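All values reported here derive from a predicted model rather than from experimental measurement. Only this structure's heavy atoms are used, side chains among them; waters, hydrogens and symmetry mates stay out.
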Amino acid sequence: MDCWKILEISHTQDLKAIKRAYAKKLKIVRPDENPEEFQNLHVAYKQAQHLAKQALAEHAQQAVDAQQESEDNHQTDDANEDEGASSTESGQHHLTPEELETQEYVQKQFNELVEKCNSVLAEPEKRNRTEEWQFLTESVLMLDHQINSHLGIHVFNEIFKVNNEFKQLSKHKRKYSSPNATVKKATLVYLNHVFNWSLETNNLRYYVGDEACQMLLPVIWEGQDQETTDDPQQVVKGGEIIQGKNRRNALEEFGAASHAIDKINDLFFFLLLILSFMLAVAALLSYNEQNYIHTAFFVTSVGYLILQWQGMKKRHIVAYYCMWPFSVLLLLSFPLGTIIGGIFLVNLNRARPYFKS
């Protein structure tokens, strides 16, 4: 197995570069969708780390040997041969049958954990019973940081799908739906003790997205604030305690940004209605006067506004920056544009933390 080919990087001793390449591949290789490819990726990552650490250790040892040989007046040719032999051996490292067997066992156990999590979430009568999730704390694999993190991201995303599906229902259907149609606060807090989501906000935003974080993390933080235990962060992986004040500030930030994005959506819809009406009028006048300059202007404006709106809904940073000059231009369109532009600027500032970089 060529670990560098799988990670799509050249041979390197930079452990950070290896980790970045691994994280990049994880975005497209999901353990629940393609377990075999995930296993190969995980093995390649471990092998690349091993080779890099081995090469760094050998270089350090070579430096010590060279210094010692210089002091003892040893022959440099012998030293070069030893270094060449060490480099050759480091480049030909292969996993032993025992290591491969261990990797296969770990992968099999991981897949079983994924299936159990999916099974519990799929059954409403089980998903909010904490005893149904106890298999997680009983698994030795959860002590491994990487496995814990991968499984935690998967479970977080699946919970978002369940809760978001309920959110999309009409008020009538939600009213008469099952009491366990969503994953509730108590369950989220319990699972947070296992996966420690509250301390991995950046990873969750990167792999799952802002929408899921905005929906679930505030609920988790609120549940943590309401807990009466002395140490609510006694999790499998351990972690730094988040103070209640910091959680409340983050909760307020999430709420303010979500409200701001809703306001911007409403403004875009309002502007599209106005421009569409003006486009219809301009098209009628252009047809009568055989002059289509105004129609082209309004078509371009409507098209630009639609593109800008879609970019904003996908939270692209380019769309965010383009909305600032757009808002300033609205400010110059007195009086209605000035009011809309001012509202745009205020809400853009509040929504800034949740646009992708």
Side-chain angles (χ1 to χ4, degrees), residues 1-63 86-111 113-114 141-158 160 195-197 199-213 236-237 239 314-318 354-357:
M1 175 186 293
D2 189 343
C3 59
W4 310 110
K5 184 177 181 180
I6 294 176
L7 293 172
E8 296 182 356
I9 57 174
S10 57
H11 192 292
T12 180
Q13 299 170 14
D14 188 346
L15 294 175
K16 290 184 178 180
I18 295 172
K19 188 173 182 179
R20 285 195 299 269
Y22 179 58
K24 182 178 180 182
K25 293 288 291 183
L26 279 178
K27 293 179 66 178
I28 58 176
V29 179
R30 296 292 184 180
D32 54 325
E33 296 175 356
N34 196 333
E36 183 177 353
E37 187 175 355
F38 172 80
Q39 177 185 353
N40 293 335
L41 177 62
H42 188 71
V43 171
Y45 172 61
K46 291 293 187 181
Q47 185 177 0
Q49 279 192 320
H50 177 81
L51 292 175
K53 291 177 181 178
Q54 186 181 49
L56 289 172
E58 288 178 353
H59 287 171
Q61 185 62 43
Q62 289 169 6
S86 299
S87 299
T88 302
E89 291 175 1
S90 66
Q92 295 178 349
H93 174 77
H94 294 286
L95 294 177
T96 63
E98 292 77 11
E99 290 174 330
L100 287 174
E101 184 178 354
T102 301
Q103 291 289 354
E104 292 175 359
Y105 172 78
V106 170
Q107 182 60 44
K108 180 180 179 181
Q109 295 297 314
F110 179 83
N111 292 339
L113 287 176
V114 171
L141 292 183
M142 299 306 293
L143 297 175
D144 184 279
H145 177 79
Q146 289 181 347
I147 292 177
N148 190 305
S149 180
H150 294 334
L151 185 60
I153 290 172
H154 170 75
V155 173
F156 192 91
N157 188 50
E158 293 302 311
F160 165 68
F195 298 115
N196 209 12
W197 290 324
L199 293 180
E200 295 199 355
T201 306
N202 290 334
N203 282 340
L204 291 172
R205 289 184 62 193
Y206 183 75
Y207 290 110
V208 182
D210 291 333
E211 186 178 358
C213 292
V236 174
K237 293 188 298 181
K314 294 182 179 180
R315 312 278 171 80
H316 287 307
I317 197 68
V318 175
Y354 302 105
F355 281 85
K356 297 177 182 178
S357 58

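For A23, the side-chain contact (heavy atoms from CB on, under 4.5 Å) criterion is met by Y207, not counting sequence neighbours. Y45 is linked by a side chain to side chain donor-acceptor pair (under 3.5 Å) to Q49, Q146, counting only residues two or more places apart in sequence or in another chain. Among residues two or more places apart in sequence or in another chain, the side chain to side chain donor-acceptor pair (under 3.5 Å) test is passed with E37 by N34.
Taking CD from E211 and CZ from R205, the interatomic distance works out to 13.0 Å, rounded to the nearest 0.5 Å. Here the CG atom belonging to D14 is positioned 6.0 Å from the CZ atom belonging to R20, to the nearest 0.5 angstrom. Rounded to the nearest 0.5 Å, atoms CG (L204) and CD1 (I153) are 6.0 Å apart. Atom CE of M142 is separated from atom OG of S149 by 10.0 Å, given to the nearest 0.5 angstrom. The CZ atom of F110 lies 7.0 Å from the CD atom of Q107; values are rounded to the nearest 0.5 Å. The distance from atom SG of C213 to atom CZ of F160, rounded to the nearest 0.5 Å, is 9.5 Å.
Counting only heavy atoms from C-beta outward, the side chains of L143 and N148 never approach each other to under 4.5 Å. In this structure, the side chains of E200 and F195 stay at 4.5 Å or more apart for every pair of heavy atoms. Counting heavy atoms from C-beta on, the side chains of I18 and W4 come closer than 4.5 Å.
Taking each heavy atom of L7 and A44 in turn, the nearest pair found is CD1-O, 4.1 Å. When all heavy atoms are compared, the tightest approach of V106 to L141 is O-CD1, 3.9 Å.
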